[in-house]
2 protein chains.
Amino acid sequence: MPERTHVTLQDVARAAAVSPATASRVLNGSANVRADLRVRVQDAAGRLAYAPNAHAQALAGASRRTVGVICHDVSDPYFAVIARGIMRVAGDNGLLVMLASTFRDADREVAYVSMLRAQRAPAILLIGSGFEDKAWERALAAELDPYLRGGGRVAVVSRHRSLRVDSVLPENRSGAAALAKALLGMGHRRFAVLAGPRALTTVADRIAGFRDALTGAGVHMSEKDIVECGFTRDGGYEGMIRLIAGGLRATCVFAVTDVMAIGALTALRDNGLSVPGDVSVAGFDDIPIVRDLTPPLTTVALPLEQLGERAMELALRENAGRRSRIVRLAGEVVIRESTGRVRP
Amino acid sequence: MPERTHVTLQDVARAAAVSPATASRVLNGSANVRADLRVRVQDAAGRLAYAPNAHAQALAGASRRTVGVICHDVSDPYFAVIARGIMRVAGDNGLLVMLASTFRDADREVAYVSMLRAQRAPAILLIGSGFEDKAWERALAAELDPYLRGGGRVAVVSRHRSLRVDSVLPENRSGAAALAKALLGMGHRRFAVLAGPRALTTVADRIAGFRDALTGAGVHMSEKDIVECGFTRDGGYEGMIRLIAGGLRATCVFAVTDVMAIGALTALRDNGLSVPGDVSVAGFDDIPIVRDLTPPLTTVALPLEQLGERAMELALRENAGRRSRIVRLAGEVVIRESTGRVRP
DNA sequence: GCAGTTGCAGAAAGCGCTTTCAGAAAGCGC
DNA sequence: GCGCTTTCTGAAAGCGCTTTCTGCAACTGC
């Protein structure tokens, strides 16, 4: 915004015939100012449509009120619900929230962190970052470390390796195990998994938990029953197609996220397979839309909104100790109509 | 971020044994600096993990690179797709995008605009604002006008009354009319509409277009066939419930947004009604998820991503004339399985 | 060899604000 | 009425950067 110039505190002060100092005091509501001067200043400010220059304020030492949240894609419903939780807590604390999508691009993510750091944002939240990639995490750390040293607060939703930051984690492993047990209880013995990129800890944990429970019940699932595919609706669709093409032997398919399960469901429908008649399908996350699918999806309900709330709270609350804090939140299996009992 | 202090340009300059001016020149890549000095400065900056203070930069006249986008709710898929378009164009122009959700709260919206203005953001985009409310629009104008006068750029997706800003509009009226014609072509004669708040121009336009086409074909739709309900999935659900309770006489229900149609579909399912067997359902927007519903939804496909792209482009391109520009984008009827022919 | 260029580094001003700090005015007790 | 405290206001410093502007070398051409 180069061209025209802005109304400054000076202008307001002049118009009100007071010093800039007094004007500043009035506009910040703080100190003692005589009533008539106060009125004159407020008047002038209103008349001139004065807006303080946030940069000047920040530079002069005012506290910042806008926290940054960085995620892969704000349009992912999984994230959208988390964001709502974040905004609730932020709002309660008088903070505004700005969101950014990285589209799983490391450079973009680093650029946003860097920008937030440059802006001296009081806190940065990272929702499910690219921590599984060594180089990515290193680049991120290079921005985050000095930010933290400068007094910035950081909280992360999802696991990371080496960062010295607080985090909140959904209990992926136990959630997936509980789901597997429920499925076993319905009589299923042959399973397939639609896995996202297995390098992601989220994916790895969910698969591990699922498989643990199976193994515990003496049920075997081989590696070729695990289809690695994109972490998206289209990934799930395409993975399911591959499963069908391979001659689907499973009676139950576990998609590691609801979003992928949605794709899987559509792939089944497009191939004339009925759910749960021909095959049962389960997901993970319990994003709101799965209730509106036909059939409604069996899944593991994560307290998504809480995930966001806890993260924001962590970032807000000073960490006295030297260790990074971890909050774990458990999910709960929700059986809906996308899964059914196996006919003996 | 009060406590600890940051590494400043001064520090870097000192470490590199040059003046701050030279350090600045190096770090901004611009002017002529001897190679060895250049190396020394970059070295020092790296070693100290220097991050420029964006506030100081801005104050000293550097150009800002982060545009703000304000919408009702980033988790609304309608908006999410638009946002993707915005970010594409912004990215191509080297800009970062920060998103904010107002949850249809006027105060919050004004607060965000005010913050963006204070931050001297180069552009602000408003996606579907609260312009239908006089007081709201006035409060917004009070922030926007001085922002514009200061050289800020504003673009709006959706209609507004009095703001002197550029806007891009989906052709709601003609889209709804085309949909109605298609539905008439299937033999439908008795319609019901799930309307959002009718004060919203979006809603009003869609209803008007729909009704125009009906009237043109000699089909009457009375006011009591139009159910006003929330602009959300739950609104659609509850509206449909009311319709059913009133003894559904329509053969086809038009929900003014896909999101509402989703709720309607679930309400029908919950009441044992089949779609399109018992009743046809159509929506508007063509958000991605409607392809995954059962049955897939008939709707008017809006070029959502383009809506965002055009808006960003408008905000970027200088408006030479004195009049605000308007870009209109048409939708296209997409027939899917949620609508069927009426049996004679 | 000398004025006139050119290339590059540093000094310093200033962006718009907050915040000491000092001083003026007013109120108090005696 | 005098010194003292208490209010309140304005002057001025300074936050960290960019950007003239000035100045010094090292050139150029005659």
Side-chain angles (χ1 to χ4, degrees), chain A residues 1-41 44-45 48-65 114-115 117-120 146 150-151, chain B residues 1-41 44-45 48-65 114-115 117-120 146 150-151:
Chain A
M1 228 156 61
E3 313 100 354
R4 277 74 123 260
T5 181
H6 286 263
V7 176
T8 70
L9 223 214
Q10 286 275 3
D11 299 331
V12 174
R14 209 172 307 128
V18 298
S19 73
T22 302
S24 171
R25 279 188 277 253
V26 171
L27 267 9
N28 292 308
S30 58
N32 306 322
V33 178
R34 225 185 325 135
D36 57 324
L37 292 194
R38 180 178 295 279
V39 170
R40 256 157 55 195
V41 170
L48 300 176
Y50 167 71
N53 182 320
H55 299 299
Q57 290 184 308
L59 198 54
S63 72
R64 279 117 239 157
R65 317 250 71 210
S114 170
M115 187 204 78
R117 166 152 98 104
Q119 222 134 215
R120 305 296 187 260
Chain B
M1 226 156 63
E3 313 99 354
R4 276 74 123 260
T5 181
H6 287 263
V7 177
T8 70
L9 223 215
Q10 286 276 2
D11 299 331
V12 174
R14 209 171 309 130
V18 299
S19 74
T22 303
S24 171
R25 279 189 276 253
V26 171
L27 268 8
N28 292 309
S30 58
N32 305 324
V33 178
R34 225 188 324 139
D36 57 325
L37 292 196
R38 180 179 294 279
V39 170
R40 256 156 56 193
V41 170
L48 300 177
Y50 168 71
N53 183 321
H55 299 298
Q57 289 185 308
L59 198 54
S63 72
R64 279 117 237 158
R65 317 251 69 212
S114 170
M115 187 203 78
R117 165 152 98 107
Q119 223 134 209
R120 306 294 187 262

Q) Atom CZ of A:Arg64 to atom C1' of C:dT18: distance rounded to whole Å? A) 12 Å
Under 3.5 Å, which protein N or O atoms sit close to an N or O of nucleotides 13-17 of chain D? Give each pair with its distance.
residue, atom, partner, partner atom, Å
D:dC15, O2, A:Leu59, O, 3.2
D:dC15, O2, A:Ala60, N, 3.4
D:dG16, N2, B:Ala56, O, 3.4
D:dC17, OP1, B:Tyr50, OH, 2.5
D:dC17, OP1, B:Asn53, N, 3.3
D:dC17, OP2, B:Leu9, N, 2.2

Q: Could you go through the side-chain contact (heavy atoms from CB on, under 4.5 Å) check for A:Asn53 and A:His6 one step at a time?
A: CA-CA 9 Å; A:Asn53 182 320; A:His6 286 263; over 6 Å; no
(Q) If you compare every side-chain N and O of A:Arg25 against the phosphate oxygens of D:dT9 (OP1, OP2), does one of them come in below 4.0 Å? (A) no
Q) Any side-chain N or O of A:Thr22 less than 4.0 Å from the OP1 or OP2 oxygen of D:dT9? A) no
Closest contact, heavy atoms only, [X] versus [Y]:
X       : Y        : value
A:Ala49 : B:Arg117 : O-NH1, 3.3 Å
B:Leu37 : B:Val18  : CD2-CG1, 4.0 Å
A:Leu9  : A:Tyr50  : N-CE1, 3.4 Å

Q) Got a donor-acceptor contact below 3.5 angstrom from the B:Arg120 side chain to the B:Arg64 backbone? A) no
Q. Any donor and acceptor pair, going by atom type alone, linking the side chain of B:His55 with main-chain N or O of A:Gln119 inside 3.5 Å?
A. yes
Q.
Could you measure the distance from the CD atom of B:Gln57 to the CZ atom of B:Arg65? Nearest 0.5 Å is fine.
A. 11.5 Å
**Q.** Rounded distance [0.5 Å steps], CZ in B:Arg14 versus OG in B:Ser19
**A.** 12.5 Å
Q | Residue closer to the 5' end of DNA chain C, B:Arg34 versus A:Ala23 (nearest nucleotide) | A | B:Arg34
Q: Specify the angle, to 10°, made by the local axes at the two ends of the helix from C:dG1-D:dC30 to C:dC30-D:dG1 when five pairs are taken at each end.
A: 40°
Q) For the side chain of A:Val18, counting heavy atoms from C-beta on, which of D:dT9, D:dG10, C:dA12 is nearest? A) D:dG10
